[in-house]
Amino acid sequence: MLLCGFAAQASESRPQMPPEAKPAAWQLAGIEAALKDPDLWVQYHALDYCRGKEWVEQLHFPAAQWLLWLAHPNQEARELAARAATQLGAQMPPEVQRALARLQDDTGAEISARGAATEALAHVGGSMIPEVQLEMAALLDQPHTTLEQRMAASRILGGLGSAMTPATLKALLSLLKNPQAPAEAAFHAAEAVAGLGTSMPPQAREALLGLLLDTHASLSLRQSAAVAMGRLGPQMPPQALELLRTALRDPTASHPLYLSAVPALAMLGPGMPPEVPQALLAAYDAQPPAQAGEDARKDHILFHDSIADALKLAGPGMPPALQQGLLERFLKAAHTPQPPATAKDDFDSMMQRGFLGAELLILAGAGTHVSPPVMKKVLAEFLNPAARDKSRQAIAENFFEPLASDGALPPEIQRTLLATAQDARVLPELRGLAALTLGRLGAGASPEAKQTLLTLLQDPSPDSTLRFYALEAMVALGSHMPPEAAPTLVRMIQAVHAEDSAAPPPFRYELGLVEFAVPALGNLGEQLTPEAQAALLGVIQHNGGTRQTPWDAAYALAQMGDKLSAQTQQRLLALLNTPGPDMDYALRLAIRRTLGVSGLHPVTDAQVADLLAKTYEGEPDAQQRFYFYLWLGRTPAHLQAVRWLGHTDTDPPLGDTPPQEVLSLISRFWPHSTGTDAAHTAQRHAMARRASQILTTSLKTRPLEESTRKVLRTLATQFATDSAPDCAAALKQVQAALVEDVK
């Protein structure tokens with residue numbers, strides 16, 4: 001059970017690619033070269049990479065380029081362009097907004113592309129031009145519009161706030177009041193107007209208040225109106241407040257607005273009248289009538305959960321009285337023994353029972369605004385020797401740990417947790433939770449706390465519980481993890497691949513440790529030792545841990561950035577070239593992304609030629625071609641080599657490139673393509689064909705410059721080394737060009 005629990009947590013701690021705020025000069029050069037490649041799919045992968053890195057806005061693509069992408073006949077290209085345009089935000093040019101509006105309304109486009117266009121417009125905010133606002137409002141009443149699009153459109157329009165034009169508001173109110181309009185269109189129009197919140201004009205407030213009070217209006221419209229009143233905060237009309245309080249007080253949950261009352265009242269925030277939090281807590285405690293049927297009990301569970309969510313929304317504005325009420329409910333549950341769950345318990349009864357500490361999780365949302373008396377009582381309960389172990393664990397997991405993650409854990413509690421983690425007499429699970437909470441402090445963890453975590457990590461005792469918690473704490477520390485943990489983490493990883501008899505104790509049978517040790521090693525960043533790099537490479541090669549762990553190992557190596565050693569770069573390339581289905585697509589992509597952070601450096605012409613030769617082993621791979629551009633951006637000649645010498649579906653046009661520059665490139669790389677394997681042979685013949693093409697179509701100037709003559713003489717010698725038809729034909733053309741130049 002312990003292993004399963006930690007495996008689930010490991011997935012939440014998955015390391016991400018380093019958050020590069022902007023591309024380095026070499027990355028930018030590679031991306032720009034890829035975006036100029038004539039193959040659409042190379043451009044596609046380049047744009048997708050920039051989207052994933054959130055670099056799109058920085059690249060300043062001209063509006064004309066966006067219009068080409070958004071109007072492309074290929075469905076995937078259009079959809080990607082729409083998703084990438086999301087990052088333009090308020091800087092989105094008007095013509096791009098119009099193109100997205102056309103795409104979202106294009107019934108010939110796939111639903112996913114139309115939805116992507118709508119989502120992109122969602123990020124424009126108050127910069128949305130008036131005509132697009134009106135088109136968005138019209139979308140609510142279009143028969144071909146999907147539910148998802150209507151929901152998105154109402155959210156977008158509501159987010160305009162004071163930037164909503166009078167014409168747009170008029171269109172929404174007309175739709176809202178039109179008895180002939182489809183019910184779903186009117187509902188989403190109401191949602192859009194409700195989203196305006198305190199920016200809602202007087203005529204809109206009056207319209208929605210009228211809907212709320214109208215018992216003949218549809219329930220969905222009244223619920224939207226209730227939420228709209230909540231978004232007005234302290235400006236909520238008294239009639240609305242009284243109606244919502246009445247709905248909340250109904251113990252039978254029969255009031256039509258009882259589910260809407262909770263989120264609406266919660267939006268009042270710190271300015272809510274004192275009776276509102278009292279009513280929320282009273283409703284939180286309410287139980288369904290004994291005779292309630294199954295549907296009524298399910299509704300009550302939803303009601304209870306919505307109150308919990310509403311109480312969490314109070315956050316830093318949570319009144320002290322509300323905090324005290326939550327604490328009292330936890331203490332009551334903590335001191336009331338609960339019968340163990342049985343096989344006869346159905347799902348509903350278990351949901352109604354809830355979990356110990358649910359109130360503390362809500363209370364933790366107050367962060368640094370938890371009142372001192374409440375904090376003092378929680379700490380006293382944690383230290384109470386008569387308290388149940390489950391109660392103390394609930395406090396650690398549902399209160400102390402969230403506060404630590406938010407940087408809101410008081411020093412006295414940190415000291416208490418440190419003493420708990422160090423005390424061998426304490427239950428291992430509680431010591432572990434204390435250790436994990438200390439790890440959640442990140443930069444705020446004291447040197448003594450880090451040393452304690454290191455000691456627990458290295459503990460040779462047979463009970464692995466504390467080691468697992470210490471490992472998770474190391475992951476949580478991030479870049480603040482002590483480097484001294486590295487040797488232990490490396491040994492844990494090495495144990496996965498060792499024979500049982502050779503595995504270093506005490507990790508011989510704890511193979512689940514690798515799922516945490518891998519991301520923890522990534523915390524070392526540029527300080528990853530050669531031994532640590534080798535251990536992570538071993539995880540990738542041998543598929544250690546879960547299916548996700550090799551990806552984690554690649555991303556851990558990526559934390560080194562451009563400090564990744566040349567040896568490790570070449571090992572990763574070798575793993576990419578693993579033949580057959582031994583490596584899945586996701587892992588190959590993870591390795592490519594890792595090398596995208598470091599690039600290939602230092603790299604020779606011979607190594608580049610070998611890379612490009614492998615592209616001739618099968619069909620052209622547009623994604624691979626993009627990554628070659630990205631990895632080799634430090635050297636302009638190597639970017640040119642990818643464009644002109646790699647295997648591609650679309651021959652690049654010469655454009656402004658002088659023909660002798662490409663011929664010189666072929667001459668430069670020819671000595672490195674003389675291998676006898678099929679890939680190098682195919683590459684060599686492709687280079688000869690490229691030379692023939694340029695000599696036939698582009699090298700027209702006579703007399704030739706001396707530098708061009710020199711290149712042609714070298715090519716004549718090089719092409720003569722291969723008697724294949726392509727090389728022989730190229731040789732004849734070179735010789736003819738030289739002879740003609742003499743004439």
Side-chain angles (χ1 to χ4, degrees), residues 30 33-34 36-39 42 600 603-617 620 624-625 628-629 631-741:
K36 292 175 183 176
D37 194 280
D39 187 333
V42 176
L600 294 180
V603 63
T604 64
D605 286 358
Q607 291 170 324
V608 174
D610 284 343
L611 278 179
L612 297 178
K614 291 188 180 300
T615 66
Y616 290 89
E617 291 179 344
Q624 180 189 59
R625 187 171 172 85
F628 282 174
Y629 279 122
W631 300 341
L632 298 170
R634 289 179 172 86
T635 308
H638 292 163
L639 291 177
Q640 286 283 61
V642 176
R643 179 178 177 88
W644 295 104
L645 308 183
H647 195 18
T648 177
D649 276 327
T650 309
D651 284 337
L654 196 61
D656 296 333
T657 305
Q660 59 268 29
E661 185 176 310
V662 182
L663 293 173
S664 178
L665 188 72
I666 292 171
S667 175
R668 174 174 171 173
F669 277 84
W670 184 272
H672 306 297
S673 65
T674 55
T676 58
D677 58 281
H680 279 88
T681 300
Q683 180 190 42
R684 193 162 57 249
H685 296 170
M687 292 166 70
R689 289 193 298 274
R690 179 77 69 203
S692 293
Q693 177 189 21
I694 290 174
L695 287 165
T696 302
T697 62
S698 304
L699 195 64
K700 303 293 186 182
T701 305
R702 297 292 188 276
L704 298 174
E705 295 180 359
E706 180 54 35
S707 59
T708 305
R709 292 192 201 97
K710 183 178 179 180
V711 169
L712 289 176
R713 287 194 289 268
T714 303
L715 284 172
T717 302
Q718 292 170 331
F719 291 157
T721 62
D722 192 323
S723 60
D726 288 324
C727 298
L731 176 59
K732 286 182 180 180
Q733 287 176 301
V734 169
Q735 291 171 336
L738 289 169
V739 169
E740 183 180 348
D741 184 59

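Please read these numbers as outputs of a predicted model, since none were measured by experiment. Residues: numbered from 1 along the sequence shown.
Here the side chains of Arg625 and Thr648 are in contact, with some heavy-atom distance below 4.5 Å. The shortest side-chain heavy-atom distance between Thr615 and Phe628 falls under the 4.5 Å cut-off. Proximity of Thr721 to Thr674: side-chain heavy atoms (C-beta onward) are nowhere separated by under 4.5 Å.
Taking the six-membered ring where the residue is Trp, Tyr616 and His647 present parallel rings, their angle staying beneath 30° rather than reaching 60°.
Of all heavy-atom pairs between Ser692 and Ala729, the closest is OG-C, 4.2 Å. When all heavy atoms are compared, the tightest approach of Leu699 to Pro659 is CD1-CG, 4.2 Å. Heavy atoms only, all atoms of each residue included: Ile666 and Met687 are closest at O-CE, 3.4 Å. Smallest separation of non-hydrogen atoms from Ala737 and Leu712: CB-CD1, 4.2 Å. Annotation for Trp670 and Ala688: closest pair CZ3-N, 4.5 Å, computed over non-hydrogen atoms. Taking each heavy atom of Ser723 and Ala728 in turn, the nearest pair found is O-CB, 4.4 Å.
Going from atom CD of Gln718 over to atom CG of Leu731 covers 11.0 Å, rounded to the nearest 0.5 Å. Rounding to the nearest 0.5 angstrom, the gap separating the CG atom in Leu639 from the CH2 atom in Trp644 is 13.5 Å. To the nearest 0.5 Å, atoms CG (Leu715) and CG (Leu695) are separated by 8.0 Å.
The list of salt bridge (charged side-chain N to carboxylate O under 4.0 Å, His left out) pairs with a residue in residues 706-724, not counting sequence neighbours, reads Arg684-Asp722, Glu706-Arg709, Glu706-Arg713, Arg709-Asp741.
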Applying side-chain contact (heavy atoms from CB on, under 4.5 Å) to Leu600 and Leu611, what does each step give before you reach the verdict? CA-CA 11 Å; Leu600 294 180; Leu611 278 179; 3.5 Å; yes
Start with the C-alpha distance between Val642 and Leu612, add both sets of side-chain angles, then the distance that settles side-chain contact (heavy atoms from CB on, under 4.5 Å), and finish with yes or no. CA-CA 7 Å; Val642 176; Leu612 297 178; 4.2 Å; yes
Derivation and outcome, side-chain contact (heavy atoms from CB on, under 4.5 Å), residues Leu645 and Arg690: CA-CA 8 Å; Leu645 308 183; Arg690 179 77 69 203; 5.5 Å; no
Just do the side-chain contact (heavy atoms from CB on, under 4.5 Å) check on His638 and Phe669 with the steps written out, would you? CA-CA 10 Å; His638 292 163; Phe669 277 84; 3.8 Å; yes
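Between the side chain of Thr604 and the main chain of Gln607, a donor-acceptor pair closer than 3.5 Å is present.
A donor atom on one side chain and an acceptor atom on the other are found under 3.5 Å apart for Thr696 and Gln733. Judged by distance alone, the side chains of Arg643 and Gln640 never bring a donor and an acceptor atom under 3.5 Å apart.
With sequence neighbours excluded, the residues satisfying side-chain hydrogen bond (donor to acceptor under 3.5 Å, both in side chains) with Asp726 are Arg689.
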